[in-house]
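Inspection log for the structure reproduced underneath, given as structure tokens.
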Amino acid sequence: MGKSDSGGLRNMTGGSPAGHIFYFALPLLLGSFLQQLYNMVDSWVVGNYAGDASLAAVGVGYPVIFMFTSLFMGLSGGGTVVIAQFYGAGNMERVRDAVDTVYTAFMASAIPITLLALGLVKPVLLLMQVRADAWAESWLYLTVVSAGLVGAIGYNLNAGILGGLGNSRTTLLFLAISSVMNIVLDLVFVLGLGMGVLGVALGTIISQAFSWLFGLFYINRRYPAIAIRPFCRRFDRALFRQIMGIGLPAGIQMSLVALGAMVVMSKINSFGKEFAAAYNVGSKLDSLAFLPVQSLSNAVTAFVGQNTGAKRPDRVRRGIRMTVAASVVWSAVMLVLIPLGPTLVGFFSDTPAVIHSGTVYLRCIMPFYVLFSVMFCLNNAMRGAGDSLFPMLDVIFSLILVRVPAVYWFADHYGPDYMYYGVGVGWCVGFTLSVVYYLSGRWKRKGSLADGA
């Protein structure tokens with residue numbers, strides 16, 4: 001299996017590539033499942049005890065919050081790649097520098113980004129054309145969650161640091177604590193105290209903040225070699241440029257994808273709260289189906305990073321091929337969601353219009369999932385090799401410039417029951433571009449970042 005110390009840090013430059021990737025991906029999968037579980041608990045509790053307007057409000061919130069946190073997730077992703085390459089090259093001193101630099105940048109900008117998020121709540125709701133019957137609850141949910149963004153960002157930074165060192169087990173622990181706490185708080189605040197969507201928002205930010213702070217304590221006690229010092233103010237400008245050279249394109253990509261999702265959401269909202277609630281449920285179900293692919297893709301980023309740092313291109317190729325093959329198989333299995341759609345959507349809402357629209361969503365997008373899976377895996381692998389520019393351009397072109405107009409075109413010409421085929425059109429374009437660029441080999445030009453350290 002390769003080298004792993006007693007603390008769980010994993011050197012993936014030797015041993016079976018498949019073994020390392022699956023070993024790394026499994027805790028990520030379990031953690032992501034827990035994350036989706038508590039998101040689905042949010043939707044279940046709100047949908048059954050607060051009504052469709054509240055369910056639609058929570059659905060509106062997810063792409064907005066994702067947009068607000070995306071730049072920091074890019075910082076986290078850039079840190080993962082840089083740390084993985086230094087760790088693969090055996091340069092722990094530069095790993096230490098990278099950890100300090102990432103956290104110094106976070107602490108300096110966390111408050112400004114929170115204030116910016118709060119200031120953008122109303123303009124974003126206007127952009128998304130949130131209807132009057134869901135406006136008040138959407139505004140309340142977004143305002144509360146935006147005020148607590150620091151916890152979500154801090155958790156992602158901790159996960160990114162550990163991911164570069166081959167450790168995904170500890171991240172699972174943090175998520176497990178957050179998930180259980182969030183579910184309990186949902187039940188207490190919504191069912192026990194009748195707080196509705198406010199209770200869901202408070203449960204989310206409290207559990208995320210606790211997960212981040214517990215993560216700081218745990219990492220510093222368990223892994224003193226990479227102890228996180230939030231206020232150390234050690235900042236390496238050259239290293240920060242490397243981190244942002246990889247992370248900023250990824251952050252911009254995620255922000256723009258979230259913006260595109262909000263533009264799509266504005267079209268969805270125009271069809272009424274039942275249709276918006278159905279989209280919330282359908283997207284939860286397809287996100288759950290995508291978790292294994294997402295986990296494998298995140299694992300291959302760290303794997304490619306470490307082996308690029310160690311100058312092992314043979315292992316890089318083997319790891320990528322295995323990840324793509326496993327993702328294709330899983331995507332084919334998940335076609336089972338199409339016939340199960342009415343039953344699964346009905347678990348969240350017994351409104352016939354919601355069940356119908358949620359089932360239509362799954363029927364339209366699931367046949368194209370295999371293409372998105374391959375695209376996602378290849379882009380993450382190339383990002384692990386230090387090429388973050390092409391994945392950004394690929395995603396912006398396919399998921400924004402192609403997907404969003406396609407969704408509107410199908411909606412305007414064929415009605416809401418066909419609009420989601422526009423998502424498949426975008427995925428087809430992104431898949432084609434990713435495969436062509438990967439086969440060209442141009443993503444290998446960056447080489448090992450550790451060479452100049």
Side-chain angles (χ1 to χ4, degrees), residues 1-37 76-77 80-81 83-85 87-88 156 158-176 179 223 286-310 312-337 369-385 391 434 438 443:
M1 284 286 291
K3 296 172 282 185
S4 177
D5 64 31
S6 59
L9 306 185
R10 175 162 291 269
N11 188 322
M12 296 186 278
T13 60
S16 165
H20 281 305
I21 291 171
F22 280 116
Y23 184 92
F24 187 92
L26 182 59
L28 292 179
L29 174 59
L30 295 175
S32 296
F33 177 78
L34 286 173
Q35 203 165 27
Q36 287 296 321
L37 177 63
S76 171
T80 296
V81 173
I83 288 170
Q85 293 204 18
Y87 187 59
N156 278 292
N158 291 348
I161 290 167
L162 291 171
L165 298 168
N167 184 332
S168 55
R169 289 183 297 167
T170 302
T171 301
L172 172 61
L173 172 65
F174 302 157
L175 261 181
S179 300
Y223 309 110
D286 89 68
S287 295
L288 189 64
F290 193 66
L291 291 183
V293 176
Q294 179 179 306
S295 301
L296 286 168
S297 298
N298 289 335
V300 84
T301 299
F303 178 86
V304 170
Q306 287 197 15
N307 283 281
T308 298
R312 295 293 309 273
D314 55 319
R315 292 178 58 78
V316 168
R317 288 191 300 270
R318 289 166 58 197
I320 294 173
R321 285 197 297 266
M322 186 282 304
T323 303
V324 169
S327 298
V328 167
V329 170
W330 178 256
S331 298
V333 172
M334 283 300 98
L335 290 172
V336 72
L337 287 184
Y369 238 59
V370 64
L371 303 180
F372 185 52
S373 296
V374 174
M375 168 188 169
F376 202 83
C377 289
L378 292 181
N379 284 351
N380 270 29
M382 291 185 285
R383 193 173 289 117
S434 291
Y438 175 77
W443 53 277

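Residue numbers run from 1 in the order of the sequence given. Just so you know, these numbers use all the heavy atoms, side chains as well, and skip hydrogens, waters and symmetry mates.
- Between the CG atom of Leu172 and the CG atom of Asn167 there is a distance of 10.0 Å, given to the nearest 0.5 Å.
- With rounding to the nearest 0.5 angstrom, the OH atom of Tyr87 is 14.0 Å from the OG1 atom of Thr80.
- Using a 4.5 Å heavy-atom cutoff, the side chains of Met12 and Tyr23 are not in contact.
- Gln294 contributes no side-chain N or O that, together with a main-chain N or O of Leu29, makes up a donor-acceptor pair within less than 3.5 Å.
- Atom CG of residue Leu28 and atom CD1 of residue Ile21 lie 12.0 Å apart, to the nearest 0.5 angstrom.
- Contact annotation: the side chain of Phe303 approaches that of Arg315 to within less than 4.5 Å [non-hydrogen atoms, C-beta and beyond].
- Closest heavy-atom contact between Gly319 and Val300: O-CG2, 4.0 Å.
- Residues Asp286 and Tyr369 meet the side-chain proximity criterion, which asks for heavy atoms closer than 4.5 Å.
- Residues Met375 and Leu371 fail the side-chain proximity criterion, which asks for heavy atoms closer than 4.5 Å.
- Note that OG1 of Thr301 is 10.5 Å distant from CE of Met382, once rounded to the nearest 0.5 Å.
- Of all the heavy atoms in His20 and Gly14, the pair that sits closest is NE2-O, 2.5 Å.
- Within the 4.5 Å cutoff, no side-chain heavy atoms of Val374 are placed close to those of Tyr438.
- We find the CG-CG distance between Leu296 and Leu26 to be 10.0 Å, quoted to the nearest 0.5 Å.
- Annotation: side chain of Cys377 is not in contact with side chain of Ile320 (no heavy-atom distance under 4.5 Å).
- Here the closest non-hydrogen pair linking Gln306 and Gly164 is NE2-O, 3.3 Å.
- In this structure, Leu378 CG and Arg383 CZ are separated by 11.5 Å, a value rounded to the nearest 0.5 Å.
- The backbone N or O of Phe290 lies less than 3.5 Å from no partner atom in the side chain of Trp330, so there is not a single donor-acceptor pair.
- Within the 4.5 Å cutoff, the side chain of Phe24 has no heavy atoms near those of the Ser295 side chain.
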